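Just follow the structure's listing: the first ligand is 1, and inside any ligand the first atom is 1. Since we're looking at a predicted model, the values are computed, not measured.
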Amino acid sequence: MKVQGIYIPLITPFANDKVDFDSYKRMLDYYIGKEINGIIPLATTGEIPTISEYEYEEIIEKTMEYNNNRLPVFIGLGGNNTKEVINKLKIVEKYKVDGILSVCPYYSRPDQRGIYEHFLKISEATALDIVLYNIPYRTGRNIENDTIYKLAELKNIVGVKDSCGDIKQTTDLLLNPPKDFSIMTGEDILFYTNLVYGGDGGIMASSHLRTDEFVEVYKAIKDNNHKVALDKWKELAKFIPMLFEEPNPAPIKYCLSKLGLINSDEVRLPLVEITDTLKNKLDKALSL
Ligand SMILES: O=C(O)C1=N[C@H](C(=O)O)C[C@H](O)C1
């Protein structure tokens, strides 16, 4: 299955420090009713560093139950201990998920050989599709394009979520894509650029909001309707940066709770709720 279009890396709703599955179900039904192309629980936006192993499996189980085969599901599964990631695959593989989104190993700062070996071992340990996640500003290491080309030769490494932070690296990759390989942006503000350079779409936290407009931009580009796409994009592009003025996903959770899609904007420490200044700004932008 080709990974393309709009994938939402889902937030994890909390209430009194527990995962709030009522909100989660309501939210899932809402997004599945939109014309998005897939969902990704347990990624950065899902606050994965604060999710216990018990919650991790429970969230996968509930996602599969609520989704009921309606949309492709990729699970966030990465880490900086290769063996542990491979062991955790056993949990994910119990469910009929479509694949995993696996972040570049962080903190240890492996070189390109180590990054290659890490993903090679994961790819050998599973038949699941793997989308690499390159986000050096969070991990401390860039997955260079040459490493991406080598990894793309592996049968089940099917794409990259590109948040490399270097427009030259991004455009080089988009202009010379590996064969049968998806290039999804994870840099929300580059969604339009990704598409006009022939990329496959985006895995974007911001598409929790104004989802229909993201879908309109995607469809307009696919229909070669560039004026419509650009006009719509200009509106979204003004809004997106507000969602990242304070750490993701706190601003998104604030908006979703005000919209009534989730019961609470609770985040887990070390994240904290957003400031009143940003609340006011978001209220105005979304007419909340
Ligand atoms: O969880 C994700 O996937 C995303 N995380 C990024 C981040 O928080 O840095 C933002 C991106 O939109 C998707």
How far is [atom] from the closest protein heavy atom, and which atom is that?
atom                   : result
atom 8 (O) of ligand 1 : Asn248 ND2, 2.7 Å
atom 6 (C) of ligand 1 : Tyr133 OH, 3.5 Å
atom 7 (C) of ligand 1 : Arg138 NH2, 3.3 Å
atom 2 (C) of ligand 1 : Lys161 NZ, 2.9 Å

* Would a distance-only check, ignoring hydrogens and angles, find a side-chain to backbone donor-acceptor pair under 3.5 Å from Ser163 to Ile135? ->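 Checked: no pair found.
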Using a 4.0 Å heavy-atom threshold (strictly under), name the region of [X] that reaches ligand 1: side chain, backbone, both or neither.
X      : result
Phe191 : neither
Ile135 : side chain
Ala205 : both

* Asked: Would a 4.5 Å heavy-atom cut-off, applied to side chains only, mark Arg141 and Tyr106 as touching?
  ->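 SC-SC contact between Arg141 and Tyr106 ruled out.
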* Below 4.5 Å, heavy atoms only, C-beta onward: do Tyr197 and Thr171 meet side chain to side chain? ->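 In short, these two side chains touch, coming nearer than 4.5 Å.
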* Please say whether the positively charged group of Lys62, taken as NZ for Lys or CZ for Arg, lies over the ring of Tyr24, i.e. under 6.0 angstrom from the six-membered ring centre and within 45 degrees of the axis. =>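 Lys62 over Tyr24 ring: no.
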Counting from 1, what ligand 1 atoms have a heavy atom of [X] closer than 4.0 Å?
X      : answer
Tyr137 : 9 (O)
Thr45  : 1 (O), 2 (C), 4 (C), 5 (N), 13 (C)
Gly186 : 11 (C), 12 (O)
Met204 : 12 (O)
Pro9   : 1 (O), 2 (C), 3 (O), 13 (C)

* Residues, nucleotides or ligands: over 12 heavy atoms within 6.0 Å of Lys219 NZ ->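 Not buried by this count: 12 neighbours or fewer within 6.0 Å.
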* Asked: Can you tell me if Asn134 and Asn142 form a side-chain donor-acceptor pair at under 3.5 Å?
  ->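 Yes, a side-chain donor-acceptor pair sits under 3.5 Å.
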* **Any donor-acceptor N or O pair under 3.5 Å, side chains Tyr7, Asp200** =>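 No.
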* Counting heavy atoms only, which of Ile252, Ile240, Thr44, Asp188 comes nearest to atom 11 (C) of ligand 1? ->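 It is Asp188 that holds the nearest heavy atom.
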* Asked: Is the closest N or O pair between Ser206 and ligand 1 shorter than 3.5 Å?
  ->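 No, Ser206 has no N/O under 3.5 Å of an N/O on ligand 1.
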* What's the spacing between Glu246 CD and Leu278 CG if we round to 0.5 Å? ->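 If we round to the nearest 0.5 Å, Glu246:CD and Leu278:CG are 4.5 Å apart.
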* Arg113 bridged to Asp111 by N-O distance under 4.0 Å ->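 Between Asp111 and Arg113 there is a salt bridge, with a charged N closer than 4.0 Å to a carboxylate O.
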